[in-house]
Amino acid sequence: MESQHGTWSNRLAFIFAATGSAVGLGNIWKFPYMTGENGGGAFVIIYLLCIACIGIPIMIAEVMLGRMGRQSPINTMLSLSKTYGRSSAWSSIGWMGVAAGFIILSYYAVIAGWILHYMFLIAQGHFTGADGEFVSNTFSDFTADVSLMMFWFTLFMIITVTIISRGVKRGLELFVKWAMPLLFLLMFVLLGYSMVSGDFARGVTFLFSFNIADLSSEAVLSAMGHAFFTLSIGMGAIMAYGSYLPRKVSIVSTVGVIAVLDTLVALIAGLAIFPIVFTNGLQPDAGPGLLFQAIPLAFGNLPAGSLFGALFFLLVSFAALTSAISLVEPALAFFVEKYKMKRLYAAIIIGFTCWVLGIGTVFSFNIWSDFHIVQSMTIFDFVDSVSQKILLPFGGFLIALYVAYKMPVQAVIENLDLAKKHTHVWKALIGVIAPLSIVIIFLHSLGVFKLIF
Ligand code: PFF
């Protein structure tokens with residue numbers, strides 16, 4: 001059976017699209033500042049462990065579910081559950097994912113708007129010869145300017161809606177094929193700059209030295225949530241992409257490639273940014289503004305920095321776009337299936353809803369910065385935390401349980417083409433290690449019990 005929305009041309013096209021979804025602001029903007037806020041190396045190690053033990057098995061499960069169901073995540077879960085005689089309540093995985101996609105896109109598009117703005121600032125030579133104080137002031141002036149932020153946010157949303165309305169495959173395949181390798185290349189340029197002119201040794205120590213005392217239960221939860229976020233799992237985005245995957249492709253090795261590429265981009269971003277942060281007296285725990293201070297500083301002091309800097313932000317905005325597209329695909333595919341709606345109309349409805357939601361994030365940085373939903377959380381902090389720390393891990397948890405305990409083992413093994421000797425490893429990962437780790441990390445962060453940290 002084929003999906004009514006089409007099929008990827010081949011394995012490589014899927015790798016490009018799924019990597020396009022995984023690699024985005026999560027790697028380049030979020031990973032560095034979360035590492036900075038959560039004590040460096042300890043956070044990085046937990047994040048890597050979560051990718052390996054929780055993220056990869058769940059990603060494999062998600063792609064497989066998609067390919068077996070061949071529909072939007074909601075309908076895929078419904079039809080598989082019908083086939084296997086399970087409750088239709090399992091489709092709640094799909095519904096939760098749709099909600100998570102809306103919430104994430106609402107703030108994702110705001111930050112992507114910042115990227116667009118910075119692309120123009122750098123191109124105009126705004127940061128040539130800049131120092132730490134100048135970049136910090138530029139950032140706070142910008143975030144204080146509501147109309148400017150609204151403008152870029154709205155523009156990014158319009159671009160996203162335009163592209164998703166045309167279908168994921170037309171354009172997307174071609175687009176990621178060029179943009180991703182170029183982004184990699186420029187990340188290496190930045191890394192080179194950082195090695196030569198930043199405090200590289202200190203950056204490496206910060207990122208990789210494990211000190212258990214730095215680790216709070218909150219940091220562990222953040223690291224796990226980030227593993228979900230960065231791989232685009234737990235909400236059906238990868239399931240939707242999996243539903244367009246040709247039958248012959250090996251899911252396990254393909255997911256391996258995507259996870260490695262995604263992790264590499266995050267680590268390179270961290271290695272490029274922290275040396276610049278340390279040499280220029282920026283604060284590693286500067287929060288969401290970290291990237292917008294470190295990168296302009298680097299390019300502002302490089303020969304032809306305006307050109308390369310603008311190109312860098314352009315490619316990051318491409319990376320953000322390919323992720324944004326996948327955030328709405330579960331909802332979009334569902335609207336098309338259920339209401340026979342045109343992609344364009346579905347895209348406009350989704351885009352508009354996310355735009356309205358996103359206004360809360362825009363205001364979190366200025367007029368509503370003192371408005372706190374719970375404790376000291378602004379609207380942005382709140383939507384970010386709820387989606388990343390609760391919705392995605394919980395969605396992933398349900399996916400793991402479903403594949404491990406609600407589907408015939410033989411069907412799973414055949415679909416994944418697992419060799420006999422690997423089936424035990426797979427069963428242990430998807431049935432025990434992944435779901436149990438999620439539960440332990442959740443309970444631990446709620447203070448139900450105390451481990452060493
Ligand atoms: N993985 C994307 C990033 O790291 O920027 C964000 C994302 C995309 C999360 C799609 C979730 C998702 F479904």
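Remember, it's 1-based here, ligands and their atoms both numbered in the order they're listed.
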- [ ] Return yes or no for this condition: an N or O of Val23 is under 3.5 Å from an N or O of ligand 1.
- [x] no
- [ ] Give the intermediate values and the outcome of salt bridge (charged side-chain N to carboxylate O under 4.0 Å, His left out) for residues Lys30 and Asp384.
- [x] CA-CA 11 Å; Lys30 201 170 224 203; Asp384 178 29; 2.5 Å; yes
Open item on the list: Can you check which of Gly234, Ala112, Ser232 brings a heavy atom nearest to atom 8 (C) of ligand 1?
Closed with: Ser232
- [ ] Please tell me if the side chains of Ile359 and Met150 come closer than 4.5 Å, counting only heavy atoms from C-beta onward.
- [x] yes
- [ ] Ignoring angles and geometry beyond distance, decide whether Ile233 reaches within less than 3.5 Å of ligand 1 through its nitrogen or oxygen atoms.
- [x] no
- [ ] Please verify whether a non-hydrogen atom of Trp29 lies at under 4.0 Å from ligand 1.
- [x] no
TODO: Can you figure out which of Phe31, Phe229, Phe228 has its heavy atom closest to atom 6 (C) of ligand 1?
DONE: Phe229
Task: Ala22: numbered ligand 1 atoms lying under 4.0 Å from its heavy atoms - done: 1 (N), 2 (C), 3 (C), 4 (O)
Open item on the list: Can you confirm whether the side chains of Thr254 and Arg11 place a donor and an acceptor under 3.5 Å from each other?
Closed with: yes
- [ ] Scan side-chain atoms only and decide if Thr35 and Tyr47 contain a donor-acceptor pair under the 3.5 Å cut-off.
- [x] no
TODO: Evaluate side chain to side chain donor-acceptor pair (under 3.5 Å) for Trp368 paired with Thr378, printing each intermediate quantity in order.
DONE: CA-CA 8 Å; Trp368 287 353; Thr378 60; over 6 Å; no
Open item on the list: Using a 4.0 Å cut-off to any heavy atom of Tyr108, which atoms of ligand 1 qualify?
Closed with: 2 (C), 3 (C), 5 (O), 6 (C)
Task: Ligand-residue contact atoms, ligand 1 with Met235, heavy atoms, under 4.0 Å - done: 11 (C), 12 (C), 13 (F)
- [ ] Would you mind running through ligand 1 and noting each atom that sits below 4.0 Å from a heavy atom of Leu25?
- [x] 5 (O)
Task: Where Thr7 and Leu245 come nearest, the two heavy atoms and their spacing - done: CG2-C, 4.1 Å
Open item on the list: Looking at Glu337 and Arg70, is any side-chain nitrogen of the basic one under 4.0 Å from a carboxylate oxygen of the acidic one?
Closed with: no
Task: Member of Tyr118, Phe139, Phe299 meeting the ring pair (Phe, Tyr, Trp, His ring centres under 6.0 Å) criterion with Phe127 - done: Tyr118
- [ ] Could you tell me which atoms of ligand 1, counted from 1 in the order shown, lie closer than 4.0 angstrom to a heavy atom of Ala237?
- [x] 13 (F)
- [ ] Any atoms of ligand 1 less than 4.0 Å from a non-hydrogen atom of Thr230? List them with their elements.
- [x] 1 (N), 4 (O)
Open item on the list: I want to know if ligand 1 touches Ser326 in the polar sense, i.e. an N/O pair below 3.5 angstrom.
Closed with: no
Task: From Ser21, Gly26, Gly97 - option closest to atom 2 (C) of ligand 1 by heavy atom - done: Ser21
Task: Donor-acceptor side-chain pairing of Thr76 and Gln71 below 3.5 angstrom - done: no
